[in-house]
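Please read the structure below before turning to the comments.
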Amino acid sequence: MGERILIADDAAFMREMLRDILTEGGYEIVAEASDGAGAITAYHEHNPDLVTLDIVMPGKSGVEALEEIMRSDPSACCVMVSALGQEALVMEALEAGAKDFVVKPFKPDQVINVVKKALKKSNDG
Amino acid sequence: MNLEKYKVLFVDEATDHLVEMSRALAILEGNASSEDAAEAIDTLFRMAHSIKGMAASLDYDSISALSHQLEDWLEPARELGRVPADGLRLLFGSVRALEEMVTAVEESGESPAPREDLAYWLSQPIQFGRNEITEAATQMSASEPSAPPLPPSVRVRTTVIDRFLASVGEMLQRQARLEAIHKDAPVWERHREFDEELEGMTRVVRDLRRRALEIRTTPVQRVLERLPRVASELAHELGKSVRVELRGEEVEVDRAVLDHLGEPLLHLVRNSMDHGIEAPETRISAGKDAVGTIRISAATVSGRLELSLDDDGGGVDIERLREQAIESGRLPAEVAEDLPPDRICELIFEPGLSTRDEVTTVSGRGVGLDAVKRTIEGLGGTIRVSSNFGLGTRFDLELPSMAALQHVLILEVGSERIAIPLSRVEAVLGIDEGLVEQMGTEAFFVWKEEPLPLLDLGERVGLSKAVTDKLGCVVVVEVRGFQFGLHVDRAAAHLEVFVRDVPSALASIDPLAGVAVLPDGTPVFVLEVAALVEDFL
């Protein structure tokens with residue numbers, strides 16, 4: 001079984017799409033969260049190898065969730081999912097410790113590449 | 001990538017998002033506290049953003065472009081926590097355009113055409129007056145308790161529910177068949193334990209059926225909640241002022257019914273705004289409140305959904321309508337002059353009749369009320385109208401609240417069987433209980449000294465030649481207060497059946513409402529009784 005992944009996105013559509021792409025790529029989805037607070041709880045509960053965090057979510061945003069996860073677990077491997085026009089927020093997330101990011105709309109290969117790279121970076125570091 | 005699956009997910013989720021956006025707009029339109037307004041703008045922004053991401057993933061370029069522009073346009077409003085009044089109109093228009101686009105995707109699966117007009121307006125930056133900015137900046141935010149959390153729920157695709165329900169329906173039928181076989185068996189062949197087990201299973205299956213139906217239902221809120229927004233948008237366009245009051249939004253009905261109610265209700269609201277509610281000056285001089293009221297309420301009464309739409313507008317000019325009916329040759333003068341006002345009022349459901357002489361852009365000239373009536377009757381329901389000239393108009397709709405399972409009466413005509421919804425049946429009489437009178441080509445069944453128009457069902461649906469005159473029975477049915485008799489050979493049984501949609505190849509046949517499979521495995525057509533009434537009007 002491949003590495004264990006947590007998906008956080010407020011759109012069920014996006015979660016489903018990421019789940020399909022990542023499962024197809026051999027990864028195991030351990031949990032899904034639909035907002036920032038849920039992502040933090042699920043992170044502590046499942047201790048996944050990688051988290052995909054959507055930037056715009058209700059309540060706590062993806063960036064806020066990232067900051068909180070990084071504070072409690074500096075070795076956490078987080079990948080941001082952003083849309084065009086969110087470059088500033090992506091930069092902020094990278095500075096806060098996100099390993100990489102993928103921009104919507106994405107192709108399956110792009111997601112797999114980014115996840116692979118991020119996990120490698122995380123293991124190397 | 002399984003495109004069909006994502007398309008369905010997209011339509012479902014985008015529709016939910018658009019409902020939330022409508023709700024946010026309604027908050028912004030009312031006198032929301034600055035905190036509520038900021039939250040509503042944030043919701044609009046997030047929902048637009050989410051729709052953009054989904055649409056872009058499926059190459060629905062026009063939808064992702066429009067939602068992207070909407071998101072950009074909202075950015076400064078989000079920072080400021082408010083939207084100028086002019087901007088609200090643009091937001092209404094954009095949300096409506098997105099709704100139409102999502103519907104187009106649902107219907108065709110193709111990317112809809114872009115909306116250049118909205119693209120232009122959304123490319124213009126928000127205009128805040130100087131005063132507005134300082135005002136907004138100095139406004140204190142009222143601290144209010146946050147909204148209660150939503151009830152826990154999961155998202156299930158309707159096709160999944162439908163397949164599940166179809167299986168439950170089939171199980172019900174097989175179970176009923178099993179019971180029938182068992183009952184018909186000679187006593188010495190029966191097995192006591194089998195008997196007990198079968199009884200237990202019957203209970204479980206009934207319970208399963210009830211639970212399955214619970215899954216299938218959804219609150220009418222889903223279609224009612226966008227109506228206030230549509231009305232206020234139209235009010236803007238028409239220079240009128242309106243308040244929409246909703247009641248009974250929590251009433252639960254079958255999704256299959258609800259899915260078809262959106263358009264007719266929208267049309268009735270448009271109709272009220274266009275032909276009913278008057279301009280503020282007119283209202284004031286008539287001694288009314290300048291702001292018109294439309295009351296929409298829902299309730300379930302003995303398994304049927306009752307909806308009413310009541311406005312305090314100008315009402316229908318019955319005498320003008322009467323004249324029109326005569327002028328257009330729709331009714332002979334001597335008939336029209338004798339008809340009571342409520343029957344004349346019903347003429348507004350006739351295509352091409354309207355009391356307004358000019359064509360308006362909102363609802364056209366009387367276009368649509370006939371379509372509304374057809375849709376409602378297609379769902380096995382009825383619609384009635386009543387009006388007080390000068391005071392307002394009221395539409396009463398009555399529909400099955402559960403489309404899937406229906407009590408039907410099985411009628412036999414020759415060797416064929418036909419089902420009709422039991423809710424329409426007033427009485428079943430032997431043909432010898434009354435008197436059949438022939439008047440020209442029309443037959444009447446005189447019962448309790450009342451002549452009921454009589455229809456030979458076999459002949460009407462082209463099944464067989466007329467029923468033997470002296471035999472058979474008369475099923476008295478009622479549609480919209482109008483009673484008539486159906487002459488058939490026999491009323492065989494009363495059953496609860498799972499009614500499915502008519503296969504598309506047969507869908508054009510006029511009076512068919514659905515197909516059901518009887519416990520013995522034979523299919524039977526369910527007749528749309530409301531369609532038969534047209535024969536007499």
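Values reported hereafter were calculated over all heavy atoms of this structure, with side chains retained and with hydrogens, waters and symmetry mates removed. Chain letters run A, B, ... following the sequence lines, proteins first and then strands; every chain starts at 1.
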Query raised in the report: Should the heavy atoms of other residues, nucleotides or ligands under 6.0 Å from CZ of Phe101(A) be counted, would the total exceed 12?
Result: no
Query - More than 12 heavy atoms from other groups under 6.0 Å of CD on Gln110(A) - result: yes
Requested in this report: Can you measure from CD (Glu13(B)) to CE (Met14(A)) and round to the nearest 0.5 angstrom?
Outcome: 9.0 Å
Query raised in the report: What is the minimum heavy-atom distance between Lys104(A) and His49(B), and which atoms define it?
Result: NZ-NE2, 4.3 Å
Requested in this report: Can you measure from CZ (Arg15(A)) to CG (Leu9(B)) and round to the nearest 0.5 angstrom?
Outcome: 10.0 Å
Report summary line: Pair count under 4.5 Å, heavy atoms only, with chain B: among Val56(A), Asp54(A), Ile21(A), Asp9(A), highest is Val56(A)
Query raised in the report: Quick check: are there more than 12 heavy atoms from other residues, nucleotides or ligands sitting under 6.0 Å from CZ of Arg4(A)?
Result: yes
Report summary line: d(Phe13(A) CZ, Lys7(B) NZ) to nearest 0.5 Å is 12.5 Å
Query raised in the report: For Gln221(B), does the CD atom have more than 12 heavy-atom neighbours from other residues, nucleotides or ligands under 6.0 Å away?
Result: yes
